[in-house]
2 protein chains.
Amino acid sequence: MLSTLQDEKQDPRVKRTRSLILNAFMEILPEKGFQSVSVQDITEKAGINRATFYAHFPDKYALLDHSISQMFRQEIEKRMLDACHYSDENLKTLIVTVCEFVSNANSHCKPSSLQFESLVEAQVKNQLQGLLQVWLEQDDSDVDAKTAATAASWAIYGLVLQWSHDKNKKKPSAEKFADQVLPLIAVNLRLAQPA
Amino acid sequence: MLSTLQDEKQDPRVKRTRSLILNAFMEILPEKGFQSVSVQDITEKAGINRATFYAHFPDKYALLDHSISQMFRQEIEKRMLDACHYSDENLKTLIVTVCEFVSNANSHCKPSSLQFESLVEAQVKNQLQGLLQVWLEQDDSDVDAKTAATAASWAIYGLVLQWSHDKNKKKPSAEKFADQVLPLIAVNLRLAQPA
DNA sequence: TGTTCTAAACAACAGATGTTGTGTAGTTTA
DNA sequence: TAAACTACACAACATCTGTTGTTTAGAACA
């Protein structure tokens, strides 16, 4: 399921234990939800001693943060968004990716909680911002890449969250939604002038 | 310091205890920082029993959320931003307000923590979004107020946060910063078309 | 293969959270 | 003004977190 991160030589026990923790966490999350899962729950499921958990992660929040980061990065890599340049088509794919990711995160972790959602948010926004900034810097335009990437990544996330919380029967598909908001985002990516 | 919220008839003990909690919290926060302050600390400072705290707030996070909400609302009301209409001038004032609020929050609560910052963020964004939506709905244009307010409030917060974390010697003042990002935000508030 | 190093198990502890039932005190009502 | 209602104090409890020192077991090294 979750592949190991570090390709360099690592003590096999460390890799094994870390993998046990991550796998146990991903199994238990849909059952219990993030808020009510405890470190004790996770370590029981993983079959390791609770004190060992703290050698790998400072707390369950760090574990969630790491898991989200890894999963979202996989979604980006799967679509090769990290290896392409800025275009409206790629921006649309990015927005759809975020839609799908947020929807999946919320439906596989019931009941959701504020802390869960804010960690998902922080992680996804961070990666969005990094990616958009790289895209813009490759583009050789005179836009302030950092400012543009910040405004756009935050706006994307805000809009996606609103879309994902939409209980309306007429809620558009992720594709249609992305088409609708694309102009709004694209203009941010063009308008930020260097100070 | 903190005024009571409920103007309707409320048991004086409830008001008194609540006020003790809020005041104690605001006193202890700059000393200890949010992360290391405990409910026990707060109730000791307030001179009430710990179990009583839970009759008023489910946890310290809810207490922080409530405090931020109230303080930010006061900042909005102080500048009468809740009683005016949308204009570039008022939008600029709003951005400056957020800058000042975020700067003050971060400097009066050292060491800051992720959870503190994400609660400040959630609360400020929420109020920003509400206010911008009201402004746009009053404006009688054909823009999708909700979408525009979402994109803009998130972009404002993202940009302000980046500004507030800027360690650069040449960091612009809040006023100058607001001038710089105003075009970026303003265009969001004009571009969201009804679906 | 034996030695050294490192990760994990284990038990125990202190501190904090969240809850509960009972008694006390303050407020409201008739 | 007494009775009824409600908020708070209090003590106790279970659960969880984070930490620590010691022992055991696995991995790396010579």
Side-chain angles (χ1 to χ4, degrees), chain A residues 2 4-25 27-29 31-67 109 111 113-116 119, chain B residues 2 4-25 27-29 31-67 109 111 113-116 119:
Chain A
L2 296 168
T4 55
L5 283 187
Q6 314 261 4
D7 289 338
E8 64 189 39
K9 193 68 181 175
Q10 198 179 27
D11 187 321
R13 291 170 302 179
V14 175
K15 291 171 75 173
R16 186 165 62 238
T17 303
R18 196 177 176 87
S19 181
L20 286 171
I21 293 170
L22 287 164
N23 289 343
F25 182 58
E27 271 188 61
I28 211 168
L29 199 51
E31 292 163 28
K32 282 188 163 255
F34 182 67
Q35 184 145 358
S36 55
V37 76
S38 67
V39 169
Q40 182 63 27
D41 294 330
I42 296 161
T43 53
E44 267 168 19
K45 189 91 181 180
I48 66 166
N49 187 275
R50 183 170 69 78
T52 304
F53 180 93
Y54 296 100
H56 292 260
F57 297 99
D59 51 37
K60 71 172 187 178
Y61 302 95
L63 173 59
L64 176 63
D65 190 59
H66 174 87
S67 302
C109 180
S113 73
L114 205 59
Q115 287 179 327
F116 177 80
L119 276 168
Chain B
L2 296 169
T4 56
L5 284 186
Q6 313 260 5
D7 288 339
E8 64 189 38
K9 194 67 181 178
Q10 196 180 29
D11 189 319
R13 292 168 303 179
V14 175
K15 292 170 74 173
R16 187 166 59 237
T17 303
R18 194 176 178 87
S19 181
L20 286 171
I21 294 171
L22 287 164
N23 289 343
F25 183 57
E27 272 188 60
I28 211 168
L29 200 49
E31 292 164 26
K32 281 187 164 256
F34 182 69
Q35 184 144 358
S36 55
V37 75
S38 68
V39 170
Q40 182 63 26
D41 294 332
I42 297 161
T43 53
E44 266 169 18
K45 189 91 181 179
I48 65 166
N49 187 274
R50 183 169 69 78
T52 305
F53 179 92
Y54 297 99
H56 291 260
F57 297 99
D59 52 38
K60 72 171 185 177
Y61 302 95
L63 173 59
L64 177 62
D65 190 58
H66 174 88
S67 301
C109 180
S113 72
L114 205 60
Q115 286 179 326
F116 177 81
L119 277 167

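Residue numbering restarts at 1 for every chain, and letters A, B, ... go by the order of the sequence lines.
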Please report, rounded to the nearest Å, how far the [atom2] atom of [N] is from the [atom1] atom of [X].
{"X": "A:Gln40", "N": "D:dT15", "atom1": "CD", "atom2": "P", "answer": "11 Å"}
{"X": "B:Lys60", "N": "C:dG18", "atom1": "NZ", "atom2": "C1'", "answer": "15 Å"}
{"X": "B:Arg18", "N": "D:dC8", "atom1": "CZ", "atom2": "P", "answer": "11 Å"}
{"X": "B:Asn49", "N": "C:dG23", "atom1": "CG", "atom2": "P", "answer": "16 Å"}
{"X": "B:Phe57", "N": "C:dT17", "atom1": "CZ", "atom2": "P", "answer": "15 Å"}
{"X": "B:Arg16", "N": "D:dT6", "atom1": "CZ", "atom2": "P", "answer": "17 Å"}
{"X": "A:Leu63", "N": "D:dT17", "atom1": "CG", "atom2": "P", "answer": "12 Å"}
{"X": "A:Gln35", "N": "D:dT17", "atom1": "CD", "atom2": "C1'", "answer": "16 Å"}

N/O donor-acceptor pair under 3.5 Å between A:Asp41 side chain and A:Ser38 backbone:
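Such a contact is found between A:Asp41 side chain and A:Ser38 backbone.
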
Main-chain N/O of A:Gln35 paired with A:Lys60 side-chain donor or acceptor, under 3.5 Å:
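Checked: pair present.
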
A:Ser38 side chain, from C-beta outward: closest of D:dT17, D:dA7, C:dA9:
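Output: D:dT17.
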
Which nucleotide in the set D:dG18, C:dG26, C:dT6 lies at the smallest distance from any side-chain heavy atom of A:Asp59?
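The closest nucleotide is D:dG18.
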
Here's a test of your reading of the structure: between A:Arg50 and B:Thr17, which maps to the more 5' nucleotide of DNA chain D?
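Result of the comparison: B:Thr17.
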
Give the ring-plane orientation class for B:Phe34 versus B:Phe116, where under 30° counts as parallel, over 60° as perpendicular and anything between as tilted.
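B:Phe34 and B:Phe116: tilted rings.
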
With respect to the phosphate group of C:dA7, does any side-chain polar atom (N or O) of A:His56 fall under 4.0 Å of OP1 or OP2?
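Looking at the OP1 and OP2 atoms of C:dA7, neither is under 4.0 Å from any side-chain N or O of A:His56.
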
For A:Phe53 against A:Ile48, the heavy-atom pair lying closest together:
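Minimum heavy-atom separation between A:Phe53 and A:Ile48: N-CD1, 4.3 Å.
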
For the residue pair A:Thr43 and A:Asn49, what are the closest heavy atoms and their distance?
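Shortest heavy-atom separation between A:Thr43 and A:Asn49 comes out as CG2-O, 4.1 Å.
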
Please compare A:Asp11 and B:Tyr54 by the position of their nearest nucleotide in DNA chain C and report the one closer to 5'.
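In this pair, the answer is A:Asp11.
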
By the 4.0 Å heavy-atom rule, please label A:Ala55 as base, sugar-phosphate, or nothing.
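If one applies the 4.0 Å heavy-atom cut-off, A:Ala55 turns out to touch nothing in the nucleic acid.
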
